Amino acid sequence: MSEVKKSLNFIEQIIEEDLKENYSREQLKFRFPPEPNGYLHIGHAKSICLNFGLGEKYGAPVNLRFDDTNPIKEEQEFVDSIKEDVLWLGFKWDKECYASDYFQQLYDWAVQMIRDGYAYVDSQPSAVMAEQKGTPTQPGVNSPFRSRTIEENLDLFEKMKNGETEEGVHVLRAKIDMASKNMLMRDPVMYRSLHKKHHRTGNNWMIYPLYDWAHGQSDFTEQVSHSLCTLEFVMHRELYNWFLKVIDTKDQLNPKQTEFARLNLSYTVMSKRKLAELVNKNIVSSWDDPRMPTISGLRRRGYTPASIRKFAETIGVAKRDNVIDVSLLEFCIREDLNKIAPRVMGVLDPVKLVITNYQEEKEEWLETENNPEDESAGTREIPFSKELYIEREDFKEEANRKFFRLSLGKEVRLKSAYIIKGEKVVKDENGEIIEIHCTYDSQSKSGSGTEESLRKVKGTLHWVSVKHAVEAEIRLYDRLFNVESPDTDKEKSYMEFINPDSLQIVRGYVEPGLKAAGVSEKFQFQRIGYFNVDKDTTEDKLVFNRTVALRDSWGKQNQ
RNA sequence: UGGCCUAUGGUGUAACUGGCAACACGUCUGUUUUUGGUACAGAAGAGUCUAGGUUCGAGCCCUAGUAGGCCAACCA
């Protein structure tokens, strides 16, 4: 047996190198650090799977850390939904942490930095500070407050903290280099004064740290060994390391920041701001609308945790910008559902089929398999009678030999039932077919073993008995945007590429057993696709979401 | 006009410096099939952005160019 050796991604290679040199295996620790200001999406799922996946691979702890340093945007509601999503994906964090838990430590370090001459209070309007910052090609100039005395800085900083100064007039800045090529090193702001209640610390703090100051120190405090983030933070790494150097980090492990490319998915957008706009403008109904690439949206759409984890594993991780084709995500969910989803009968666009030689009142319960991919799934019985619904597109009055379905004078098999032959059509005054009449071969019952039943017919149709059918609302989803990369057009806004037909609602019929299906239960409607019960389902209204259609080489051929 | 990151089939990810590049999705062909699904078998599709250089030998190293991305919130 030859083992196919799975190659390591660049992050694993870095970790392996570190393990050879300065890190011990016990020191490895990771974290997933969301800001609780919105719902998680499939891009976050990539990061979650990366961090927790590394934790699993190396047997290392992974913290869930809420980066809650901005009380204006953050709320408990989001903390709860984030926890739910991570858990749903199947991961367990070691510690639940909050950057706000480190506010005192951060403050103490900041005071020490002031004493050491590494930080000062600036008292200029933000517009003036922006002016002094310079541009990528021009160095900035020093703030007139840069040389305040340590005592004055300490005094002012404490007053800021207590809310004794006016909101917004002072900030604490790191004293680095206004001429640095790296704009982030030009005396970045560490604290702003915000007289705002925080969802966890209440009114204890009237100053709040900014990302660069809080993040690395949080990693350090938790002794995270490898701090993974997306590419837009590469320039921040220099500052990240500077802060670590300036506070007293000797004798303890210094976290290492490594950046990877964020996920982009074709035919959708991925930023919280843009997703929020879709919700706010009622283009979708909510954050968990099944068309949304949010984790809650995918969950409601019928995606499984396993399929998302498989997807994350398949796309890999690297440093170049990418756009993953949604067809890969669809492949992952089909692959999973094919193995686990029970097969059922459901007709989306019904037309009545009358079997003229079948007894009027007769009904039979026919045995059918629940899942041909899984014998242990067993069988069930479904009712058959004289009048059935079949799919409108499964019939054509005249058809060429490539059409394997029902037409006049031709035979097809009704799945798990009998072989029938098309005889005539009944139309209304507009020429619309309202009934199809056929005859059945009573000897051809599925599984009966008779010679007739063994006859080969080229097509098999799904069907539902009219008398027993259960009506259901079925929501058919399509991509939200008409172009692969809606938010990269230089002139046009992504809002101009919205697909107006991303949701189609139809009324169909399903087999009676589905009346008892519970919310989020998943099925394959045979020959159509995978569906799951939506939470809008009530006692007297059954609602299904189409997760994804089956692959369809016939439909493709006919495009 | 500055700095940083990146560049391999349509898409994504590989290739421990050395045998004109592998895997997955997608595309196309067949076989099987009571799902035009699944499964199975097979095919097409890149000569690794360009130009130099180092080397016996480069997709991997170096230089320059080109292209794309990121950077001047009291956002993260």
Side-chain angles (χ1 to χ4, degrees), chain A residues 4-9 33-35 37 67 69-70 72-74 122 125-126 129-131 133-140 167-173 180-184 186 188-194 207-208 210-212 214-215 229-238 259 261 263 266 272 314-332 334-335 338-339 343 345 368-369 372-373 402-405 412-417 419 446-447 453-454 456-462 484 488 524-529 549-557:
Chain A
V4 185
K5 205 167 181 186
K6 243 196 103 206
S7 54
L8 302 176
N9 64 49
E35 182 189 10
N37 71 340
D67 221 336
T69 57
N70 188 351
I72 294 169
K73 302 199 297 188
E74 294 147 6
D122 200 345
S126 60
M129 282 173 52
E131 189 81 12
K133 200 140 197 171
T135 69
T137 51
Q138 284 176 304
E167 189 175 58
V169 320
H170 306 290
V171 292
L172 185 75
R173 290 230 255 173
S180 173
K181 300 272 191 205
N182 184 347
M183 298 293 290
L184 290 158
R186 324 246 261 224
V189 174
M190 293 169 66
Y191 279 98
R192 74 280 224 188
S193 61
L194 275 177
I207 53 170
Y208 291 94
L210 274 88
Y211 169 84
D212 287 298
H215 202 92
C229 61
T230 46
L231 249 27
E232 64 269 30
F233 291 101
V234 284
M235 298 306 292
H236 294 249
R237 191 174 61 229
E238 188 180 1
E259 312 83 13
L263 167 68
S266 63
K272 279 182 198 166
T314 306
I315 60 175
V317 56
K319 295 186 76 158
R320 57 173 154 166
D321 293 324
N322 61 80
V323 181
I324 310 284
D325 202 314
V326 267
S327 66
L328 181 60
L329 219 208
E330 293 177 346
F331 167 80
C332 292
R334 282 196 194 102
E335 186 187 41
N338 177 48
K339 288 177 299 193
R343 298 326 102 123
M345 302 274 206
T368 186
E369 64 208 335
E373 302 295 312
K402 291 181 83 177
F403 187 77
F404 297 172
R405 308 177 183 184
V412 288
R413 154 81 59 191
L414 290 175
K415 173 78 182 170
S416 299
I419 292 173
S446 289
S453 74
L454 266 19
K456 295 286 176 201
V457 288
K458 56 187 174 185
T460 301
L461 307 187
H462 60 277
E484 263 193 52
T488 54
Q524 183 198 89
F525 286 8
Q526 269 176 131
R527 304 210 303 133
I528 299 181
L550 250 31
R551 281 189 63 201
D552 181 11
S553 49
W554 167 247
K556 200 179 295 173
Q557 204 178 106

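The basis for the numbers below is simple: all heavy atoms, side chains too, and nothing from hydrogens, waters or symmetry mates. Chain identifiers are assigned alphabetically (A, B, ...) following the order of the sequence lines, protein sequences preceding nucleic acid strands; residue numbering begins at 1 within each chain. Everything numeric in this text was worked out from a predicted model, so none of it was measured.
- Between B:U38, B:C5, B:G3, one nucleotide has an atom nearer to the side chain of A:Lys319 than all others, and that is B:C5.
- Remark: the separation of the C1' atoms in B:G9 and B:G26 is 12 Å, to the nearest Å.
- Per the geometry, CE belonging to A:Met183 stands 16 Å off P belonging to B:C70, to the nearest Å.
- Residue A:Asn322 is the one, among A:Asn322 and A:Phe403, whose nearest nucleotide of RNA chain B lies closer to the 5' end (criterion: closest heavy atom).
- Here A:Val457 lies out of heavy-atom contact (under 4.0 Å) with every strand.
- Note on A:Glu369 versus A:Lys415: salt bridge recorded, some NZ/NE/NH1/NH2 to OD/OE distance being below 4.0 Å.
- Across all their heavy atoms, A:Gln526 and A:His462 have their closest contact at O-ND1, 3.5 Å.
- A gap of 27 Å separates the C1' atoms of B:G3 and B:G59, to the nearest Å.
- Counting any heavy atom pair closer than 4.0 Å across all strands shown, A:Gly447 reaches a base atom.
- Using a 90° window around 0 for the glycosidic torsion, B:G47 falls inside it and is classed as syn.
- Distance noted for atom C1' between B:U17 and B:U54: 12 Å (whole Å).
- Across all their heavy atoms, A:Leu184 and A:His236 have their closest contact at CD1-CD2, 3.5 Å.
- Residue A:Glu373 places a side-chain atom within donor-acceptor reach of the base of B:G37, judged by atom type and a 3.5 Å distance cut-off alone.
- The listed nucleotides are B:U35, B:C74, B:A76; the one nearest the side chain of A:Leu550 is B:U35.
- With both ends at atom C1', the span from B:A67 to B:A22 equals 27 Å, rounded to whole Å.
- The distance between atom NZ of A:Lys272 and atom C1' of B:A76, rounded to the nearest whole Å, is 7 Å.
- Separating the CZ atom of A:Arg186 from the P atom of B:A73 is a distance of 11 Å, rounded to the nearest angstrom.
- A donor-acceptor contact under 3.5 Å is formed by the side chain of A:Arg413 with the base of B:U34.
- Aromatic stacking of A:Tyr211 on B:A76: not satisfied for centres closer than 5.5 Å together with planes under 30 degrees.
- Rounded to whole angstrom, the span from the NZ atom of A:Lys456 across to the C1' atom of B:U31 amounts to 13 Å.
- A:Ser446 and A:Arg413 form a side-chain donor-acceptor contact under 3.5 Å, judged by distance and modelled atom types alone.
- At the phosphate of B:U38, OP1 or OP2 sits under 4.0 Å from a side-chain N or O atom of A:Arg551.
- Residue A:Pro136 places its side chain closer to B:A72 than to any other of B:C25, B:A72, B:C28.
- Base pairing analysis places B:U27 opposite B:A43; the two distances defining the Watson-Crick or G-U wobble pair are each below 3.5 Å.
- Scanning both residues, A:Val457 and A:Val412, for their nearest heavy atoms gives CG2-C, 4.1 Å.
- When the nucleotides B:C75, B:U33, B:A72 are ranked by their closest atom to the side chain of A:Thr135, B:A72 comes out on top.
- Using a 4.0 Å heavy-atom cutoff across all strands shown, A:Val171 reaches at least one base atom of the nucleic acid.
- The nucleotide B:G2 finds its pairing partner in B:C71, both defining distances of the Watson-Crick or G-U wobble pair being shorter than 3.5 Å.
- When the C1' atom is compared between B:C20 and B:A46, the two are found 12 Å apart, to the nearest whole Å.
- Listed nucleotides B:G69, B:U13, B:U34 differ in distance to A:Asp321; the shortest reach to its side chain belongs to B:G69.
- Atom C1' of nucleotide B:U27 and atom CG of A:Asp325 are separated by 12 Å, given to the nearest angstrom.
- Out of B:U35, B:C28, B:G69, the shortest distance to the side chain of A:Gln526 is found at B:U35.
- Taking the side chain of A:Arg343 as heavy atoms from C-beta on, and the options B:C74, B:U35, B:U1, the nearest nucleotide is B:U35.
- The nearest whole Å value for the distance from the CH2 atom in A:Trp554 to the P atom in B:G37 is 12 Å.
- Relative ring orientation between A:Phe404 and A:Trp554 is described as parallel, the plane-to-plane angle staying below 30° on a 0-90° scale split at 30° and 60°.
- Nearest-nucleotide positions on RNA chain B place A:Lys415 closer to the 5' end than the other of A:Phe233 and A:Lys415.
- B:G36 atom P lies 9 Å from atom CZ of A:Phe404, rounded to whole Å.
- A 6.0 Å sphere centred on CD of A:Glu131 holds no more than 12 heavy atoms belonging to other residues, nucleotides or ligands.
- With hydrogens and angles left out, the side chain of A:Arg527 and the base of B:G36 share no donor-acceptor pair within 3.5 Å.
- Here the closest heavy-atom approach between residue A:Glu74 and residue A:Thr69 is recorded as OE1-N, 3.3 Å.
- Counting any heavy atom pair closer than 4.0 Å across all strands shown, A:Pro372 reaches a base atom.
- B:A58 and B:C62 have their P atoms separated by 15 Å, with the value rounded to a whole Å.
- Residue A:Ser553 places at least one side-chain N or O closer than 4.0 Å to OP1 or OP2 of B:G37.
- Contact annotation for A:Leu461: no contact, since no heavy-atom pair falls under 4.0 Å across all strands.
- At the phosphate of B:C75, OP1 or OP2 sits under 4.0 Å from a side-chain N or O atom of A:Arg192.
- Nucleotide B:A21 carries an anti base; the chi torsion (O4'-C1'-N9-C4 or O4'-C1'-N1-C2) is more than 90° from 0.
- In this entry B:A7 has B:U66 as its Watson-Crick or G-U wobble partner, both defining distances falling under 3.5 Å.
- Among the protein residues, A:Thr69 comes within range of the sugar-phosphate backbone only, with heavy atoms under 4.0 Å from sugar or phosphate atoms but none that close to a base.
- The side chain of A:Leu328 approaches B:A24 more closely than any other nucleotide in the set B:A76, B:A24, B:G37.
- Protein atom CZ of A:Phe525 is 20 Å distant from nucleotide atom P of B:G37, rounded to whole Å.
- In this structure, A:Arg405 reaches the bases: a heavy-atom distance under 4.0 Å links it to at least one base atom across the strands shown.
- You'll find the side chain of A:Arg343 stays beyond 4.5 Å of the side chain of A:Thr368, heavy atoms only.
- Pairing partner, B:C61: B:G53, with both Watson-Crick or wobble hydrogen-bond distances short of 3.5 Å.
- Rounded to whole Å, the separation between the P atoms of B:A51 and B:A43 comes to 32 Å.
- Looking at heavy-atom distances under 4.0 Å, A:Ser126 makes contact with a base.
- Of the candidates B:A72, B:U35, B:C75, B:U35 carries the atom nearest the A:Gln524 side chain, counting heavy atoms from C-beta on.
- For the P atoms, the distance from B:U1 to B:G68 is 13 Å, rounded to whole Å.
- Using a 4.0 Å heavy-atom distance criterion, A:Leu231 is classed as making no nucleic acid contact.
- Within the shown strands, B:U13 is the pairing partner of B:A22 under the Watson-Crick or G-U definition, both distances less than 3.5 Å.
- The residue A:His170 sits apart from the nucleic acid: no heavy atom pair falls under 4.0 Å.
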Assess whether side-chain hydrogen bond (donor to acceptor under 3.5 Å, both in side chains) is satisfied between A:Asp325 and A:Ser327, documenting all intermediate values. CA-CA 5 Å; A:Asp325 202 314; A:Ser327 66; 3.2 Å; yes
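- With distances taken from any side-chain atom of A:Thr137 to the nucleotides B:C75, B:U1, B:C25, the minimum falls on B:U1.
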